[in-house]
Asker: 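Before I ask anything, let me first share the structure, which is written out below as structure tokens.
Letters go in sequence order (proteins before strands), and every chain restarts at 1.
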Number of protein chains: 2
Amino acid sequence: MLRPSGNGDVNRSAILAFLGSAGAASRADLARALGVSPALMTQLVKDLISDGLIKELAMSPSSGGRPARMLGLVASAGKVIGMKISKDHVALVETELDGKVTRSESLIFDASSVTFLTDLVDLVRSFKDANGQATILGVGVGVPGSVDTQGSGVVESALLGWHQIPLGASLSRELGTPVLVENNVNALAVAERLYGPGHDHADFLVVTIGEGVGAGFVTGGGVVRGGRGGAGEIGHIVAVVDGPACTCGNYGCIEAVIGEKSLVADARRLGIITAVESIAELQTQADNDDVQAQTLFLGAGQPLGRTVAGLVQVLDPEIVIISGEGTKAWKHWKSGFEQSFRASLTSDRRSIPVVVNSWDDEDWARGAAALVASAPFYSDESSGEQGRRVRARLTSPTVKKVSS
Amino acid sequence: MLRPSGNGDVNRSAILAFLGSAGAASRADLARALGVSPALMTQLVKDLISDGLIKELAMSPSSGGRPARMLGLVASAGKVIGMKISKDHVALVETELDGKVTRSESLIFDASSVTFLTDLVDLVRSFKDANGQATILGVGVGVPGSVDTQGSGVVESALLGWHQIPLGASLSRELGTPVLVENNVNALAVAERLYGPGHDHADFLVVTIGEGVGAGFVTGGGVVRGGRGGAGEIGHIVAVVDGPACTCGNYGCIEAVIGEKSLVADARRLGIITAVESIAELQTQADNDDVQAQTLFLGAGQPLGRTVAGLVQVLDPEIVIISGEGTKAWKHWKSGFEQSFRASLTSDRRSIPVVVNSWDDEDWARGAAALVASAPFYSDESSGEQGRRVRARLTSPTVKKVSS
DNA sequence: ACTCCTTTGTTTAGAACTAAATAAAGTTTA
DNA sequence: TAAACTTTATTTAGTTCTAAACAAAGGAGT
């Protein structure tokens, strides 16, 4: 409600993170970007220079007034690990603060094993330790389920079979680094806000298609998480009354209608692909102008369009970002989606932009990494103590020395 | 992003508003309720006592420690005017800060008249001036459409036929009081947060049924407004593919399926009511056990339940509050709604509480009044300069003298 | 060449707020 | 009955931040 003071650690780490992600900037640039007064920026920069964390670079040419002195990091700000947990494997990436991936790996993992927690710790630890010289600011984890808060990281996931699993606390204790856990689509929304089209919008919607169907919504710059971290669970919105059975027990959920499994099953039933072929082959058929394959995707685009239109009516975002592994075949979804999407919107919203991401299999893990990269900019999100630890790592001079 | 200081006016006015709405409280109660330290509360209270705005009352009995000194207002904090604008009339209420209505009126008004703005000014002014001795803290206005920000009050409403109407600026200039404008359902959500079941929840959903169908969502304590103030426009979500034509130009919108007009048309077609009877007679028939009337409401409950279930999947609220003039007949909607609502939710959300408001025709205007009553508690909502003016009126000693 | 304007950066005098320590006034426990 | 504990309220020593004023260094216009 009423806001406490005490943002010094946020401001200092945000400056370092900004320079790490956006490159050299002037005091005036930083003050504008981070929303603080020029007077305060002078003081903060003085501290950071005195701490040996940043240095003055060359002057930038005048834009009509006094030329600006650019500032840069003294050393690398550190790296971030991002992990996406699936039921039969984990994807891991190591990134810089600017989101650039420096290393990645996909590893076998069984979420239903009785030793899944220790297995996870071992997998992340060995990935982390394979680059022993890097300062790891933190580990971001994306899961297909709901999470109480990012900083606490208690996971509830039907898909993984996890019920109130203290994932965040276990990982951060065992790894000795800060860990932030979030629903995987919300993590993607965080990444979009930091690096993607969402960067220039306070209100945007991310929709993911593929094996699952999900959404993440950012309003007023903050991710909508809901009462228990379960916002965005659109995969189980009823899209077709009395439609096909869904894994959740209900009928006609959008995920049961257009999820990858459903498309593959329909394609096998129609003989478009064989019983051992999968979504990649279906896409190949559509790419090769197979009318049935194309019709299948076009048909899937329609309920998706209607559902997303409903989300736009509810949330009034400025843009819609479509993401997820299913976007590899977006050109085939597009016309079915666009027609029903636009037709289902009231006229004042009909021109809303839809941006489709190019997808890479690392992107779920990259989204998770963005949780950590985002923490320096916010103290009012749900990152709590773990967020504070990330910020402390950024601003700690002793950590810096080790990394250089 | 990073938060400025400068909340003194918010804190002081919030104390006054709290005492006005909740009655006498101790410093410790106030510090807890408003989220500030005991040290700061000591100082703020000292200022307000010195300004003659509050006074110390009797001690409250010890709860196991030191007994508390209660604090109360020196004089009435002032009144609020709330107005709901419809296309053919306006409803006005005058309330105390605790939401209690002291006066109300419904007046003829034509939203399509070329002089609608001056008509509105005249109507509000005469309502306001009829109680010449009261300090009016501000005027809250609820409209059936989207509003850019509460403090700016530029209205876009298909129903009223208004396109970018500077309602807030015109009213505040002409009336000489602060004016806050908001979508009418969002205003109801603000009222629920302040006085209703939403008071104890950071995340809740308000759904209104009646002539229109709408929603307001509060998450993390803040109202979700969207990019242009258009969040919550659920009336035009497609509930029935290729369903009945809607006023918005689309087909099958939930409002075209279950809105009052649609129910009345169906009831006339079925002979349940005559061609000159309306929703009240339909409800009377249902109350009198007319099976066809009851079936009509039961049938309307089903698409409503499915749509609200979708909202719950998207937003993960802690409770759902059903409101609006259509709730007068809720007992007939309930079984159709509950069955399809619960059946359309994933099992982890199936026990979410649904609270149905008792409805009074003043409630839209009361919701609008709550915009003003809420302003002292928030400086980060969209009330801007008008919110600041409300707070200044609360904390101004000279205004106080006039009121006593 | 000089003046005016703009942009960048710094200094000054506060405002707003907190954590920790302390004081006050009870209730509970041994 | 005294000690321990709890709750309410205040004091102290800061931290964080701002608006206003000022200084520095250019570009544009006359």
Asker: The criterion is salt bridge (charged side-chain N to carboxylate O under 4.0 Å, His left out); which residues satisfy it with D98(B), sequence neighbours excluded?
Answerer: none
Asker: Listed by chain and number, what are the salt bridge (charged side-chain N to carboxylate O under 4.0 Å, His left out) partners of R32(A), not counting sequence neighbours?
Answerer: D29(A)
Asker: So if I take residues 383-390 of chain B and measure heavy-atom distances to DNA chain C, which residues fall below 4.0 Å?
Answerer: none
Asker: It should be established whether R32(B) places a side-chain nitrogen or oxygen under 4.0 Å from OP1 or OP2 of nucleotide dT8(D).
Answerer: yes
Asker: What string of B, S and - do you get for nucleotides 19-30 of chain C, 5' to 3', if B is base contact, S is sugar-phosphate-only contact and - is no contact with any protein heavy atom under 4.0 Å?
Answerer: B---BBBBS---
Asker: On the nucleotide dC17(D), are OP1 or OP2 found under 4.0 Å from the side-chain N or O atoms that N11(A) carries?
Answerer: yes
Asker: What pairs of residues pass the salt bridge (Lys or Arg N to Asp or Glu O under 4.0 Å) test when at least one of them lies in residues 18-27 of chain A, not counting sequence neighbours?
Answerer: R27(A)-E56(A)
Asker: With sequence neighbours excluded, tell me which residues meet salt bridge (charged side-chain N to carboxylate O under 4.0 Å, His left out) with E96(A).
Answerer: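 Counting only residues at least two positions away or on another chain, E96(A) forms a salt bridge (charged side-chain N to carboxylate O under 4.0 Å, His left out) with K79(A).
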Asker: Over how many whole Å does the gap from D29(A) atom CG to dG9(C) atom P extend?
Answerer: 8 Å
Asker: Rounding to an integer number of Å, can you tell me how far D47(B) CG sits from dC17(C) P?
Answerer: 11 Å
Asker: Between R69(A) and dA24(D), does any side-chain N or O lie under 4.0 Å from OP1 or OP2?
Answerer: no
Asker: In chain order, what residues pass the salt bridge (charged side-chain N to carboxylate O under 4.0 Å, His left out) check against R389(B), with sequence neighbours excluded?
Answerer: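 Result, salt bridge (charged side-chain N to carboxylate O under 4.0 Å, His left out) vs R389(B): none returned.
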Asker: Can you name the atoms? Protein N/O to nucleotides 28-30 of chain D N/O, anything below 3.5 Å, with the distance.
Answerer:
none

Asker: If you round to the nearest 0.5 Å, how far is CZ of R393(A) from OG1 of T395(A)?
Answerer: 11.5 Å
Asker: Quick one: do R228(A) and E318(B) make a salt bridge, cutoff under 4.0 Å?
Answerer: no
Asker: Counting distance only, does the side-chain N/O of N186(A) pair as donor-acceptor with the main-chain N or O of V223(A) below 3.5 Å?
Answerer: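 Side chain of N186(A) to backbone of V223(A): no pair is present.
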Asker: Show me the pairs that pass salt bridge (Lys or Arg N to Asp or Glu O under 4.0 Å) and involve residues 41-50 of chain A, at least two apart or across chains.
Answerer: R12(A)-D47(A)
Asker: How long is the line joining CG of L48(A) and C1' of dG9(C), in whole Å?
Answerer: 16 Å
Asker: Quick one: list whatever passes side chain to side chain contact (heavy atoms under 4.5 Å, CB included) with P166(B), sequence neighbours left out.
Answerer: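 Result, side chain to side chain contact (heavy atoms under 4.5 Å, CB included) vs P166(B): S170(B).
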Asker: Report for the helix from dA1(C)-dT30(D) to dA30(C)-dT1(D): angle between first-end and last-end helix axes, five pairs each, rounded to 10 degrees.
Answerer: 10°
Asker: According to side chain to side chain contact (heavy atoms under 4.5 Å, CB included), who are the partners of Y195(B), at least two apart in sequence or on a separate chain?
Answerer: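 Y195(B): side chain to side chain contact (heavy atoms under 4.5 Å, CB included) contacts with A370(B), A373(B).
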Asker: If the test is side chain to side chain contact (heavy atoms under 4.5 Å, CB included), which one of L30(A), L48(A), L57(A) qualifies with L71(A)?
Answerer: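 Going through L30(A), L48(A), L57(A) one by one, the side chain to side chain contact (heavy atoms under 4.5 Å, CB included) with L71(A) is satisfied by L30(A) alone.
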